Amino acid sequence: DPARVFRLVADASRHLCGAELALVAVPSDPEQSFDDKGELVIAATSGDGPGASLLSMPVAGTAVGKAFLQRTPGRFDTIDLAPEVVPTGPALVLPLRATDAVAGVLVALRPAGAQRFSAEQLDMMVAFADQAAVAWQLASTQRRIRDLDVLTDRDRIARDLHDHVIQRLFAVGLALQGTISRAR
């Protein structure tokens with residue numbers, strides 16, 4: 001399940017980089033084209049802190065939106081997640097880059113006044129985010145394959161039922177033809 005992948009990514013990333021809060025923001029409809037006027041929906045959170053109760057984040061004019069649209073990671077001393085949330089402390093903003101798309105953005109946050117994320121932590125988390133995106137892409141592909149298998153089975157069952165019904169109708173028609181000749 002892709003949603004389970006995002007929960008695991010949020011949990012693992014929070015522990016890997018020593019963040020207080022990690023969240024994964026994704027487009028509400030991954031199949032639809034995306035512009036800078038939309039919002040990213042919070043798919044998973046791990047930990048506590050400012051922003052843990054967010055349901056969505058704007059894309060326009062935010063570091064999260066920039067990471068999503070430009071596919072570039074960032075390391076910040078402080079970040080505004082949304083207008084109603086107080087600024088946080090140090091943050092990593094990492095796009096979940098799959099081969100042909102960005103699945104979403106992973107944000108790792110520390111409280112205000114905490115130690116800044118190091119360049120090594122940024123590099124490690126970029127690699128982790130890219131691998132997580134590959135896991136998401138694999139999960140999504142497996143889900144599509146499963147859905148196609150279900151549809152294929154439904155089509156096969158419908159064909160079998162159709163054939164069975166046609167055979168029964170033909171048998172009833174033959175029986176009626178035989179009954180007509182006997183009735184005369």
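No experiment lies behind these values; they were computed from the predicted model shown.
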Can you list the steps and then say if D130 with R97 is a side-chain contact (heavy atoms from CB on, under 4.5 Å)? CA-CA 5 Å; D130 289 343; R97 302 176 288 199; 3.1 Å; yes
F128 vs L16, test: side-chain contact (heavy atoms from CB on, under 4.5 Å). Steps then yes/no. CA-CA 9 Å; F128 174 77; L16 274 175; 3.6 Å; yes
Show your reasoning for whether side-chain contact (heavy atoms from CB on, under 4.5 Å) applies to L106 and M125. CA-CA 9 Å; L106 170 63; M125 292 305 295; 4.2 Å; yes
Take V102 and L69, measure what side-chain contact (heavy atoms from CB on, under 4.5 Å) needs, and give me the verdict at the end. CA-CA 8 Å; V102 176; L69 294 173; over 6 Å; no
Show the numbers, then the answer: is there a salt bridge (Lys or Arg N to Asp or Glu O under 4.0 Å) between D160 and R156? CA-CA 6 Å; D160 290 349; R156 182 189 52 78; 3.4 Å; yes
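A distance of 11.0 Å separates OG1 of T45 from CG of L109, quoted to the nearest 0.5 Å. L96 contributes atom CG, which lies 9.0 Å from atom CH2 of W136 (distance to the nearest 0.5 angstrom). Within the model, atoms CZ of R154 and CZ of R159 stand 14.0 Å from one another, a figure rounded to the nearest 0.5 Å. Here CZ of R75 is found 9.0 Å from CD of Q121. Values are rounded to the nearest 0.5 Å. Within the model, atoms CG of L148 and CZ of R146 stand 11.5 Å from one another, a figure rounded to the nearest 0.5 Å. For the atom pair S13 OG and L21 CG, the distance stands at 9.5 Å (nearest 0.5 Å).
A salt bridge is absent between R143 and D147; no separation between the charged side-chain nitrogens and carboxylate oxygens falls under 4.0 Å.
Residues F117 and P90 come closest through the heavy atom pair CE1-O, 3.5 Å. Across all their heavy atoms, A132 and V5 have their closest contact at O-CG1, 4.3 Å. Considering all non-hydrogen atoms of both residues, P95 and A67 come closest at CB-O, 3.5 Å. Between I42 and M57, the closest heavy-atom pair is CD1-CE, 3.6 Å. In terms of heavy atoms, V26 sits closest to A103 at CG1-O, 3.4 Å. Contact record, A10 with A44: CB-CB, 4.2 Å, taken as the closest heavy-atom pair.
No side-chain heavy atom of E120 sits under 4.5 Å from any side-chain heavy atom of M124.
Between L92 and the options V107, V126, L122, a side-chain contact (heavy atoms from CB on, under 4.5 Å) holds for only L122.
Within the 3.5 Å criterion, the main-chain N or O of G18 finds a donor-acceptor partner in the side chain of R110.
In the hydrophobic clustering of ILVMFWY residues, with side-chain heavy atoms under 4.5 Å counting as a link, V41 and L94 come out apart.
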